[in-house]
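The structure under discussion appears below in the form of structure tokens.
All chains are named by letter (A, B, ...) in the order of the sequence lines, taking the proteins before the strands, and each is independently numbered beginning at 1. A quick note: this is a predicted structure, and the numbers were derived from the prediction, not measured.
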2 protein chains.
Amino acid sequence: MSLPHAILTALLERPSSGLDLTRRFDRSIGYFWSATHQQIYRELGRLEADGHIRALPAEVPARGQKKSYEVLPAGRAELARWTAAPQEPKPHRDALLLRLRAAAVVGTDGLKGELARYLDLHERQLGEYREIEKRDFPPERDSAEDRLRHLVLRAGIDLETFWTQWLTHALAEFDRLP
Amino acid sequence: MSLPHAILTALLERPSSGLDLTRRFDRSIGYFWSATHQQIYRELGRLEADGHIRALPAEVPARGQKKSYEVLPAGRAELARWTAAPQEPKPHRDALLLRLRAAAVVGTDGLKGELARYLDLHERQLGEYREIEKRDFPPERDSAEDRLRHLVLRAGIDLETFWTQWLTHALAEFDRLP
DNA sequence: AGCATCATGTAAGTAGTTACATGATTAA
DNA sequence: TTAATCATGTAACTACTTACATGATGCT
């Protein structure tokens, strides 16, 4: 039950249309909670029906016409409730680690190329995060909001750093396998 | 489409019944691909229908009776194919980071306790992984299979190390917020 | 006989994915 | 006027989750 709350957060940061949100879920918010436009439109419908958001009054609210939403007080309250509520962490699922474990049984043929490809992807993502850090978090900015958002970005940077290091190590191990 | 392959891997490591698998998915394999018994039984049915596994011949294959499975050649081939095939990494979803970002908008009330709880959980998991490493990977063992499985465990250890460090840092930041 | 636990399932609901549909706007 | 793109959706399917059902086995 996190997608509606991801959308509420995004809309509180800035009222948006479905397509705006879709784009923001391709970067920013989407870095740790991805969503497709189909999911987003469906969820916007539900949030509106629940009275958590409302469409900004516009001329023609028809198909093909842009429709922006803003969060209502009930939506903000629900987001605050959810943020503070105890939640069990979801168990992870990582297909690459699974494939490595499978490779221990059926052989490593073809896997090395995948490791190299993943390394490249993670290095790119790391570079992107570092750009964002340089651009959005210069040393002088220091509000509470900035600190929290910077903390989230640091998690992303450190995670990508871990993956690049681990994949580099894994590739070196592959070269030393019989 | 990873669960069937997780099950094939587990069954190749050791033929098992549904409940055996469920237990193994609560540790080991489940550390990076979790599954409930309901998922497992359903998937065992499909894998059997597809000719990838078969039930070991037993007396009474009835409800309440233990039923063990082994992997057939077609199942091993499918696992090898899947292991080597290019796959796009799934975008991550992390509710805790999402909550932190929400907190930047609606306030951090109640979140600190959650961070402390998560830190405790990750520290425990890290301890567990280190026990496994000590027990299952003594320096003298060095087959290709061992190396690959050790690599997977190292990823787990390093990930948990990252989380404990990041959460410690986050808690310190929370204390310095206005 | 009664109860806990082992073991295998069914059913219903929710979330996420993939494929397709449709109208509006803009540029060649 | 056609094509590309913007923008909002519908439909069908797959994966996962939650709750419940049912028989077998062993213990007291």
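For A:K90, the side-chain hydrogen bond (donor to acceptor under 3.5 Å, both in side chains) criterion is met by no residue, not counting sequence neighbours. Under the ring pair (Phe, Tyr, Trp, His ring centres under 6.0 Å) criterion, B:W163 pairs with B:H122, B:W166, sequence neighbours left out. Shown here are the side-chain hydrogen bond (donor to acceptor under 3.5 Å, both in side chains) partners of A:R54, two or more places apart in sequence or in another chain: A:E70. Applying the ring pair (Phe, Tyr, Trp, His ring centres under 6.0 Å) rule to B:H52 yields no partners; only residues at least two apart in sequence or on another chain are considered. Residues passing the ring pair (Phe, Tyr, Trp, His ring centres under 6.0 Å) test with B:W82, sequence neighbours excluded: B:H5. Not counting sequence neighbours, the partners of A:S17 by the side-chain hydrogen bond (donor to acceptor under 3.5 Å, both in side chains) test are A:D20. Residues meeting the side chain to side chain contact (heavy atoms under 4.5 Å, CB included) test with A:P86, sequence neighbours left out: B:E114, B:R117. Considering only residues two or more places apart in sequence or on other chains, B:Y31 meets the ring pair (Phe, Tyr, Trp, His ring centres under 6.0 Å) condition with B:Y129. Applying the side chain to side chain contact (heavy atoms under 4.5 Å, CB included) criterion to A:T161, with sequence neighbours excluded, gives A:L126, A:R130, A:I157, A:Q165.
DNA chain C is contacted by B:L19, B:R23 of residues 19-31 of chain B, taking any non-hydrogen atom closer than 4.0 Å. For DNA chain D, the residues of residues 10-18 of chain A within the heavy-atom distance limit of 4.0 Å (strictly under) are A:S17, A:G18, sorted by number.
Here C:dG9 presents its C1' atom at 14 Å from CD of B:E48, a figure rounded to the nearest Å. Distance CG (B:L47) to P (D:dA15): 12 Å, rounded to an integer number of Å. In this entry the distance linking CG of B:L56 with P of C:dT8 reads 12 Å, nearest Å. Per the geometry, NE2 belonging to B:H37 stands 11 Å off P belonging to C:dT10, to the nearest Å.
A salt bridge links B:D158 with B:R154: the distance from a Lys NZ or Arg NE/NH1/NH2 to an Asp or Glu carboxylate oxygen falls below 4.0 Å.
Side-chain nitrogen and oxygen atoms of A:Y41 include at least one within less than 4.0 Å of the OP1 or OP2 phosphate oxygen of D:dT8. Note on B:K66: a side-chain N or O is less than 4.0 Å away from OP1 or OP2 of C:dA7.
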At a cut-off of 3.5 Å, list every protein nitrogen or oxygen paired with a nitrogen or oxygen from nucleotides 16-18 of chain C, distance to 0.1 Å.
| residue | atom | partner | partner atom | Å |
| --- | --- | --- | --- | --- |
| C:dG16 | OP2 | A:Q39 | NE2 | 3.4 |
| C:dG16 | N7 | A:R42 | NH2 | 3.4 |
| C:dT17 | OP2 | A:Q39 | OE1 | 3.3 |
| C:dT17 | OP2 | B:R93 | NH2 | 3.3 |
| C:dT17 | O4 | A:R42 | NH2 | 3.3 |

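Within the 6.0 Å centre-distance limit, the rings of A:H150 and A:F137 are counted as a close aromatic pair.
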